[in-house]
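Index from 1, following the sequence. All values derive from a computational prediction rather than experimental measurement. Whatever order the structure lists them in is the order used to number ligands and atoms, beginning at 1.
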Amino acid sequence: MPKFDKITIPGNGERITWDGDELQIPHHPIIPVIEGDGIGPDIMKATRRVLDAAVEKTYGDSKKLAWMDIYAGESAAAKYDGNYLPDETVQAIEHYHVALKGPLTTPVGGGFRSLNVGLRQIMDLYACVRPVSYFEGVPSPVRKPEKMDVVIFRENTEDVYAGIEWHEGSTEAEKVINFLNNTFGTSIRPDSGIGIKPISVTGTKRLVRMAIQYAIKHKRESVTLVHKGNIMKYTEGAFRDWGYQVAKDEFADQTITEDELWDKFDGNRPEGKIVIKDRIADSMLQQILTRTAEYDVVATPNLNGDYLSDACAAQVGGLGLAPGANIGDKVALFEATHGTAPKYANQDKVNPSSVLLSGVMMLEHLGWQDAADAIVAAVGQTIRQKKVTYDLARLMGDVDPLKTSEFATAIIENL
Ligand code: NAP
């Protein structure tokens, strides 16, 4: 049990534990929460109210979330003598296994890396999971936004995002260029910047495994491996090959490939089987727009996942409603996908849906599916009633915006 300096452990809560195989969820789980900077306090207050109300409405007194405030970003700097990411914050998340997080300011200036990236790397949260689906009534740029219902598993630790880069003219870049040109006969221009793109068997297999497990658990129809393997054969192409290999080696009874679907079953998916298919990334960005309903669970390397997540979110009305989570083997951190929108801080104005729906993912992760479903239904109902915050109100036209807190109250009334 770690000893905390500035974190108060709630007396009424119990710890989520890991039994070596899966999480054990008590009835009053302690949930560490980072409120976040900027609009963080407003959206997190609203989120906690809705999550608490849904849990109470669904389970009465038998279940309750025991929130435990922990600190990162500006709130941490104020409490911990300028430290934006105190060790005990990371220890708390690792010890309690499941946490919720608002947006954090990335301090500008030398030496700071993004706190969000830092949290993911320190705890090896290797999958960025983004479900994208449509809420009726949300203005969208496409004619049939309701066809979108995907869950994207984006690899979080490798690829050109690994942070292995040297700027043009540096000694390191020069050494790497000389080494490659002299040893392998490449012809890299001497005035190049250099970035490295590692994609490993380990990183790929654990990500694809998580995506297939998710598809099985949630009775999804397909897992699509999205890659650019026609060009980058030994990184992106290998991602595809290793992805198919995981399906074959570990999930042979539950999966079939798209080739088998056509060769053996004439295109009719056998009940209960998940189809493993792959698409080249550029084609996928077209297909998700033109054949949206054919895609379900998606697993993809880091950079493709970044582009694809936002493209999908745009199709259903933007990032304001998009939830997300960063998940590792034992630890899961659920978080809003937008930033701190500092110009709206403390105005009780912005849309809390992104962090609220991340909270819904968290309830699903705890196995509290009924409470999660209740919130999704209530959010849908609230939007259909045109009770929305400014961002959606201005797109809907002729709608008076609600404050963040009023929107939360409307959702609670619809539970
Ligand atoms: P941002 O905070 O996401 O805000 C950009 C714009 O998006 C806002 O001005 C607003 O648009 C809209 N928006 C964002 N959240 C909204 C919400 N909840 N409801 C309604 N509208 C919302 O992006 P940014 O201004 O580029 O970044 C600000 C800071 O956030 C930076 O320090 C950045 O590093 C950080 N950041 C953190 C995370 C994270 O913690 N995961 C992610 C991204 C950025 P309108 O102005 O059109 O109303």
- prompt: Among protein heavy atoms, which lies nearest atom 39 (C) of ligand 1, and at what distance?
  reply: Asn116 ND2, 3.2 Å

field: 4.5 Å side-chain heavy-atom contact, Val297 and Thr224
entry: no

query: Just checking, is any N or O donor in the side chain of Glu335 or Asn326 under 3.5 Å from an acceptor N or O on the other one?
result: yes

- prompt: How close does the nearest protein non-hydrogen atom get to atom 18 (N) of ligand 1, and which residue and atom is it?
  reply: Asn351 O, 2.8 Å

- prompt: With a 4.5 Å heavy-atom cut-off, do Trp67 and Leu51 have their side chains touching?
  reply: yes

Where ligand 1 meets Asp391 - atom numbers and elements under 4.0 angstrom, heavy-atom basis: 20 (C)

Distance-only donor-acceptor check, side chains Ser133 and Asp149, under 3.5 Å: no

query: At a 4.0 Å threshold, what atoms of ligand 1 neighbour a non-hydrogen atom of Glu335?
result: 41 (N)

message: Are there over 12 heavy-atom neighbours, none belonging to Asp19, within less than 6.0 Å of that residue's CG?
response: yes

- line: Looking only at non-hydrogen atoms, the one of Lys343, Arg394, Lys349, His338 nearest atom 15 (N) of ligand 1 is His338

Side chain, backbone, both or neither: the part of Thr389 lying under 4.0 Å from ligand 1 by heavy atom: neither

query: Does Lys144 make a cation-pi contact with Tyr134, if we ask for NZ or CZ under 6.0 Å from the ring centre and within 45° of the axis?
result: no

- request: Kindly confirm or rule out a cation-pi arrangement of Arg206 over Tyr126, judged by NZ or CZ under 6.0 Å from the six-membered ring centre and within 45° of its axis?
  value: yes

- request: Check whether any side-chain heavy atom of Glu155 sits under 4.5 Å from a side-chain heavy atom of Tyr161, and report yes or no.
  value: no

- prompt: Any idea which protein heavy atom is nearest atom 32 (O) of ligand 1, and the distance to it?
  reply: Thr106 N, 3.5 Å

field: Proximal ligand 1 atoms for Ile39, defined as those under 4.0 Å from one of its heavy atoms
entry: 15 (N), 18 (N)

field: NZ or CZ of Lys6 within 45° of Tyr80 ring axis and under 6.0 Å
entry: yes

task: Taking the side chain as every heavy atom from C-beta outward, state whether Pro26 and Gln24 have any pair of such atoms under 4.5 Å apart.
output: no

- request: Would you please determine whether Lys101 falls within less than 4.0 Å of ligand 1 on a heavy-atom basis?
  value: yes

- request: Applying side-chain hydrogen bond (donor to acceptor under 3.5 Å, both in side chains), run through Lys387 and Asn414 and close with a yes or a no.
  value: CA-CA 11 Å; Lys387 294 179 178 169; Asn414 280 326; 5.7 Å; no

query: Mind checking whether Thr337 has an N or O less than 3.5 Å away from an N or O of ligand 1?
result: no

message: I want to know if ligand 1 touches Thr105 in the polar sense, i.e. an N/O pair below 3.5 angstrom.
response: no

- request: Note the single closest protein heavy atom to atom 25 (O) of ligand 1, along with its residue, its atom name and the distance in Å.
  value: Pro342 CD, 4.6 Å

- prompt: Hey, is atom 48 (O) of ligand 1 touched by any protein heavy atom at less than 4.0 Å?
  reply: yes

field: Nearest protein heavy atom with distance in Å, relative to atom 3 (O) of ligand 1
entry: Gly339 N, 2.7 Å

field: Any N or O of Gly102 closer than 3.5 Å to N or O of ligand 1
entry: no

- prompt: Identify the closest protein heavy atom to atom 30 (O) of ligand 1: which residue and atom is it, and at what distance?
  reply: Thr340 N, 3.0 Å

field: Sub-4.0 Å protein heavy atom next to atom 5 (C) of ligand 1
entry: no

Residue pair Asp278 / His227, side-chain heavy-atom distance below 4.5 Å: yes

field: Element-labelled atoms of ligand 1 that are located less than 4.0 Å from some non-hydrogen atom of Pro103
entry: 40 (O)

message: Please report whether ligand 1 has a polar contact with Leu104, defined as an N or O pair separated by less than 3.5 Å (distance criterion only).
response: yes

- request: Considering only non-hydrogen protein atoms, determine which one is nearest to atom 8 (C) of ligand 1 and report residue, atom name and distance to 0.1 Å.
  value: Ala341 CB, 4.1 Å

- prompt: Does the protein put any heavy atom within less than 4.0 Å of atom 45 (P) of ligand 1?
  reply: yes

query: Please state which protein non-hydrogen atom is closest to atom 22 (C) of ligand 1 and give its distance, to 0.1 Å?
result: Tyr390 OH, 4.0 Å

message: For Lys197, run the salt bridge (Lys or Arg N to Asp or Glu O under 4.0 Å) check against Glu236, Glu165, Glu158 and tell me which one passes.
response: Glu236

